[in-house]
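Structure first, commentary second.
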Amino acid sequence: MPEQQETAVYTHGHHESVLRSHTWRTAANSAAYLLGSLKPHMKVLDIGCGPGTITADLAELVPDGHVTGVDQAPGVLEQARATAAGRGLENVEFAVADVHALDYPDDTFCVVHAHQVLQHVGDPVRALREMRRVTRPGGYVAVRDADYAAMTWYPKVPGLDDWLELYERVARANGGEPDAGRRLRSWALAAGFTDVTATSSTWTYATPGERAWWSGLWADRTLASAYAERATAGGHASEEQLRAVSGAWREWGERADGWFAVLHGEILCRKQV
Ligand SMILES: C[S@@+](CC[C@H](N)C(=O)[O-])C[C@H]1O[C@@H](n2cnc3c(N)ncnc32)[C@H](O)[C@@H]1O
């Protein structure tokens with residue numbers, strides 16, 4: 001396996017409060033822009049697959065093909081393997097890899113996909129070049145990332161402005177770019193793609209169940225996760241400030257009129273034949 005080239009630190013880590021959000025994700029709610037281009041026989045690489053719920057959906061969508069899920073964190077791949085096994089999938093496998101230096105020959109995959117990954121990496125343009133290298137001519141590189149500064153919510157709970165400001169500071173100190181969604185097209189062009197379809201889509205949390213889930217996972221993540229540790233260890237926030245931000249999430253979640261929208265940028269890049 002090539003030496004790991006990543007210079008950034010993955011901001012969230014894989015605490016239970018983080019995986020609570022990742023395991024909610026499906027191909028339908030997170031990769032709809034790609035689904036029309038998938039064919040049953042395709043060979044797919046899912047980079048930064050985390051606990052693998054999207055990866056497993058992709059495997060079901062290519063029943064005559066194959067999906068490889070990779071992540072730089074070996075621990076979370078155990079959960080991904082269990083998810084795939086629990087769903088009886090036999091056309092999926094998992095491996096450790098860094099998107100900056102993939103251990104696959106040129107032109108290997110029909111589709112190379114990454115969801116909520118490029119915002120966390122040290123060199124997203126290099127990552128996209130590497131994704132293109134392992135894609136077959138005529139195949140697709142598909143990427144979707146949130147854009148934190150474009151997230152919007154109601155009502156205005158002042159502590160949530162502090163949350164956004166703090167999150168952006170910690171993510172950038174870790175070497176990432178939390179406002180990645182708006183930059184994906186620019187990064188793809190810089191990586192040499194000439195056929196780039198750029199779209200956007202949202203997640204919306206408004207029902208009592210959605211508000212409780214979204215506010216609860218952020219309230220918990222702010223107090224106990226790699227993100228919380230880096231916020232304090234990096235001198236970005238005191239524990240008291242983290243408690244205040246966590247409380248702001250609970251306050252928003254309890255508001256019966258609460259509404260939260262997460263904007264994402266998406267790019268579907270075709271590799272020239
Ligand atoms: C926000 S999670 C997304 C997980 C999954 N794609 C999803 O949407 O549910 C980002 C994942 O990317 C992984 N990651 C971060 N940097 C990476 C890199 N350089 N190469 C491969 N994976 C990376 C992290 O370990 C983490 O599991």
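First listed ligand is number 1; within each ligand, the first listed atom is number 1.
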Only heavy atoms of [X], strictly under 4.0 Å: list the atoms of ligand 1 that pass.
X	answer
Ala97	20 (N), 21 (C)
His14	25 (O), 26 (C), 27 (O)
Gly50	4 (C), 27 (O)
Gln116	1 (C), 2 (S), 3 (C), 10 (C)
Asp98	18 (C), 19 (N), 20 (N)
Arg25	3 (C), 7 (C), 8 (O), 9 (O)

- How does Ile54 reach ligand 1, if at all, at less than 4.0 Å between non-hydrogen atoms: by side chain, backbone, both, or neither? side chain

- Query: Which bit of Pro51 gets closer than 4.0 Å to ligand 1, counting heavy atoms only: side chain, backbone, both or neither?
  - Reply: neither

- Query: Under 6.0 Å from the CZ atom of Arg185, do we count more than 12 heavy atoms belonging to anything else shown?
  - Reply: no

- Relative to atom 22 (N) of ligand 1, which among His113, Gln72, His115 owns the nearest non-hydrogen atom? Gln72

- Out of Asp71, Val9, Ile47, the nearest non-hydrogen contact to atom 13 (C) of ligand 1 is supplied by Asp71

- Query: Going by heavy atoms in the side chains, are Pro178 and Tyr167 under 4.5 Å from each other?
  - Reply: yes

- Task: Give the ring-plane orientation class for Trp163 versus Tyr148, where under 30° counts as parallel, over 60° as perpendicular and anything between as tilted.
- Result: tilted

- Task: Linking directly or through intermediates, with side-chain heavy atoms under 4.5 Å: list the remaining ILVMFWY members grouped with Val76, chain and number order.
- Result: Leu19

- Task: Sequence neighbours left out, what pairs pass salt bridge (Lys or Arg N to Asp or Glu O under 4.0 Å) with at least one residue falling in residues 224-248?
- Result: none

- Electrostatic pair Arg169:Glu165 at N-O distance under 4.0 angstrom: yes

- Query: Do any N/O atoms on Val121 end up under 3.5 angstrom from N/O atoms on ligand 1?
  - Reply: no

- Any N/O of Val76 closer than 3.5 Å to an N/O of ligand 1? no

- Task: Begin from the C-alpha positions of Trp187 and Ile267 and carry the test side chain to side chain contact (heavy atoms under 4.5 Å, CB included) through to its verdict.
- Result: CA-CA 10 Å; Trp187 288 342; Ile267 48 168; over 6 Å; no

- Message: Does the residue Ser30 have a heavy-atom contact with ligand 1, meaning some pair of atoms that are separated by less than 4.0 Å?
- Response: no

- Considering non-hydrogen atoms only, spot the tightest contact between Lys271 and Arg133 and give its length.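 That closest heavy-atom pairing would be NZ-O, 3.4 Å.
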
- Apply the side chain to side chain contact (heavy atoms under 4.5 Å, CB included) test between His113 and each candidate in Val143, Ile54, Thr55; give the one that qualifies.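 Going through the options one by one, the only one that passes is Ile54.
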
